[in-house]
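See below for the structure under consideration.
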Amino acid sequence: MNTLLSDTYKQVFHVILPEAMERLITDQSPEAIADASTVYNMFVEGVLAETGYFSFYKSLEESGIMPGLLEGIGNLKRDESRHIGYETFLLQRLICEHPHLLDDVIMKRMAVMAPLALRIVEEGFVDGDLDAFGAEPDEVMNFALKQLQVRMDVLSRAKGKKLDEIYSASNHDLSLI
Ligand SMILES: [Fe+2]
């Protein structure tokens with residue numbers, strides 16, 4: 001057993017994420033797609049991966065070491081925001097076409113995932129001082145909270161919008177860049 005993985009981590013990556021994704025093999029309903037996208041794109045990518053890249057990038061930048069790795073992490077960050085941008089667009093489109101999804105599926109899933117995601121970020125801090133890459137806990141936690149808030153705001157605003165408004169939104173409107 002790998003003791004580096006916490007129970008919270010295992011609950012997200014070994015149970016919730018595979019269940020939500022594997023459901024899509026037999027169920028491609030708007031509910032199943034919205035649920036899978038909330039787990040994967042809003043949390044695993046939108047909060048956990050982006051927070052990880054943020055702290056990794058920041059520590060490398062501040063310490064001035066490994067410029068090649070810094071550049072690579074910078075590219076990963078840019079790539080990640082592209083897929084999250086697409087999936088935010090997909091979720092907005094689903095909410096627009098099926099408004100009940102926001103409360104019945106997405107917000108319900110968010111309520112389960114938010115404390116888990118924040119606990120995983122918290123567990124990344126060594127002895128409560130610094131995270132594994134040397135970043136300050138407050139700064140990293142604030143970044144994770146901001147990510148959560150931005151995702152929720154964008155999705156909440158999608159309810160009641162017309163489809164062409166969703167299609168004409170820029171990356172700036174999505175608060176992604
Ligand atoms: Fe991704």
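Remember, it's 1-based here, ligands and their atoms both numbered in the order they're listed.
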With a cut-off of under 6.0 Å to the ring centre and 45° to the axis, is K77 in cation-pi contact with F54?
-> no
Does the E165 side chain pair with the main chain of K162, one donor and one acceptor, at a distance under 3.5 Å?
-> yes
Return yes if some donor-acceptor pair links the side-chain N/O of E45 with the main-chain N/O of M42 below 3.5 Å, else return no.
->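 Here the side-chain-to-backbone pair does not exist.
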Restricting to N/O/S, name the atom of E45 that gets closest to the Fe ion (ligand 1).
->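 Checking each N, O and S atom of E45, the shortest distance to the Fe ion (ligand 1) belongs to OE2.
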Minimum-distance N/O/S atom that H83 presents toward the Fe ion (ligand 1) = ND1
Is there an N/O/S atom in E80 at a distance below 2.8 Å from the Fe ion (ligand 1)?
->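 Coordinating: yes.
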Rounded to the nearest 0.5 Å, what separation is found between the CG atom of L118 and the OG1 atom of T8?
->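 That separation rounds to 11.0 Å.
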